[in-house]
Protein chains: 2
Amino acid sequence: MSMRNVAAELDSEAMSLYHHVPNKDALLDGLADWAFLQIDLPDPGAPWRESMTARAMSARAVLGRHPWALGMLESRPNPGPALLRHHDRVLGCLSEAGFSAALATHAFSTIDAFVYGFVLTEASLPFAPGEGAEASFAADVAASADDYPYIAAHRAELLADGSYTYADEFAVGLDLILDAIEEQLRASAA
Amino acid sequence: MSMRNVAAELDSEAMSLYHHVPNKDALLDGLADWAFLQIDLPDPGAPWRESMTARAMSARAVLGRHPWALGMLESRPNPGPALLRHHDRVLGCLSEAGFSAALATHAFSTIDAFVYGFVLTEASLPFAPGEGAEASFAADVAASADDYPYIAAHRAELLADGSYTYADEFAVGLDLILDAIEEQLRASAA
DNA sequence: ACCTGAACACCGTTCAAGT
DNA sequence: ACCTGAACACCGTTCAAGT
C-alpha cells in the first residue's frame, strides 16, 4: 500500500494525491475511519448486552477483513469521526442501561482491548480460520513435545475430537467478559 | 528501524548483517523473541490467579516498552522459542490448578487478547501515560460536545475529581476477566 | 569465512513546470 | 486549480569484489 500503488489503483498518475491529502498519514487516517464506518452502531434502545455483543462481532469481522486498520490504531492517535460516533453511541447505550461513567469505562476498555487483541492474534495465525488447519498446526508443534510438554499435552486433549476451532474462542471470551460486567452492574445497582 | 540503522548501531558498516541473518524478517523475528524473553515466566508452584496477574502485568510492561513487538505479532506467524516456552509454562500452571484443556484455552486466549489489545490502545493514546494529560485531552473532545453528547457527558463525569488515569483500567479489566474465569473454574469443579 | 561498496528496484515527498 | 515528471533522500536486497 504505497502512494504510487494507491494512485495507480485510481488510474491517476502517481503524485497527484498530494493535492487532495497532505501526506500519507492523512490518507491512512481516512482509510482507517472508512473501515470503522463499517462497524455496526449499537441501537440506542436495545439492551446493552446484545448491543455490545453485536458491535464486538461486527468490529471483529470488519477488522479481520482489513487487518491494516489495526496497525492504524497503534500509530495514528487522532480518532476520526466514524470512531468518535461509534464511541458516542456505545457510551449512550451503556449510560441508558444504568452504567456509571466508571463502570462504562471499565466495560468499554475491556471489551475493546479484547476485540482488538483477538483480531491481532487471529491475523497472525499461521493458517486460515476454520478449515481444520489447526490440526496440522498441532502436529507441527507435537514434534517438539520434549521441549514443550504442556503445550503438547494441551493440544492433544483439545484436539481429541477434531472439532476445535480457535475462532470459537472469540464468543467464549466475550461472554466471559460480559458475564463479569453484568455481575458488576448488578452489584452497583444494589 | 532499518537494516542500515541497525548495522550502524552495531558499528558494523551497512550490509554485513546478511551474513548472520537471511533477511529483515528473520532479524525482526529474533528481536521479537528477545522481547518475549523479558516477560516473567509463571512460577510452576504459584497459585494460578497470582501467576496470571503477574505475567499479564509483566507482558504489558515489556510490550509497552517495545511497541514494535506488537506489530510483530500481527505479521510474523512463527512463534520463537521464548514465546513457546512462555506458553508452555502458562498451560502448565493452569493445568496443575485444575483447568481442563478447554477452560485453559478460554483463559489463555481471553487474557492474552486483553493484554495485547490494551497495550495497542495505550500505545495510540495522544498523551504519555499518567501526568494528567488526559484532562487536556478531555478538554479537546469537549469542544465537539454537540456532535458527541454522550462522550462529553461521560468525560465530564469521569474526570470530575481529576484523579482518573486510563492506565488504571488495565488492572480493573484484568480483574474482571479473572473473576469470570475463577467462576468458571469453580463451576467446573462442582 | 567475513565484510564492503556499488547497484537495482523500490519508497515518501518536494518542486518546478505544464494544462 | 489540478496534474505531472524529474529529482532527493531514503529503503531491502543482490552481487562482485576485497581481506
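In the text below, chain A, chain B and the rest are named by the order of the sequence lines, each starting its count at 1.
Inspection of the A:Glu96 and B:Tyr150 side chains reveals an N or O donor paired with an N or O acceptor under 3.5 Å.
Going from atom CG of A:Leu17 over to atom P of D:dC2 covers 14 Å, rounded to whole Å. Computed from coordinates, the B:Glu13 CD to C:dC2 C1' distance equals 14 Å when rounded to whole Å. Distance B:Leu10 CG to C:dT4 C1': 16 Å, rounded to the nearest Å.
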Check: protein-nucleotides 16-19 of chain D nitrogen or oxygen pairs below 3.5 Å:
none

I'd like a table of atom pairs between the protein and nucleotides 12-14 of chain C - only N or O on both sides, under 3.5 Å - with the distance next to each one.
unit_1: C:dG12; atom_1: OP1; unit_2: A:Met3; atom_2: N; d: 3.2
unit_1: C:dG12; atom_1: OP1; unit_2: A:Lys24; atom_2: NZ; d: 2.6
unit_1: C:dG12; atom_1: OP2; unit_2: A:Met3; atom_2: N; d: 2.8
unit_1: C:dG12; atom_1: N7; unit_2: A:Arg4; atom_2: NH1; d: 2.6
unit_1: C:dG12; atom_1: O6; unit_2: A:Arg4; atom_2: NH2; d: 3.0
unit_1: C:dT13; atom_1: OP2; unit_2: A:Tyr18; atom_2: OH; d: 2.8
unit_1: C:dT13; atom_1: OP2; unit_2: A:Lys24; atom_2: N; d: 2.9
unit_1: C:dT13; atom_1: O5'; unit_2: A:Tyr18; atom_2: OH; d: 3.2

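Taking the six-membered ring for Trp, A:Tyr116 and B:Phe118 have ring centres at least 6.0 Å apart.
Taking 4.5 Å as the limit, some side-chain heavy atom of B:Thr53 sits within range of a side-chain heavy atom of B:Met57.
At distances below 3.5 Å, at least one donor-acceptor pair connects side-chain atoms of B:Arg89 with backbone N or O atoms of B:Pro42.
Nearest heavy atoms, B:Gln38 versus B:Val62: O-CG2, 3.7 Å.
Here B:Arg49 pairs with B:Asp179 in a salt bridge; the nearest charged N to carboxylate O distance falls below 4.0 Å. For B:Asp112 and B:Arg55, the salt-bridge test passes: some basic side-chain N is under 4.0 Å from an acidic carboxylate O.
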Worksheet entry | Residues A:Trp48, A:Phe99; criterion side-chain contact (heavy atoms from CB on, under 4.5 Å); working and verdict | CA-CA 10 Å; A:Trp48 72 269; A:Phe99 284 64; 3.7 Å; yes
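Contact annotation: A:Ser16 side-chain N/O to D:dG5 OP1/OP2 distance is not under 4.0 Å.
Base pairing annotation: D:dA1 forms a Watson-Crick or G-U wobble pair with C:dT19, both donor-acceptor distances under 3.5 Å. In this structure, C:dA7 forms a base pair with D:dT13, meeting either the Watson-Crick or the G-U wobble geometry with both donor-acceptor distances under 3.5 Å.
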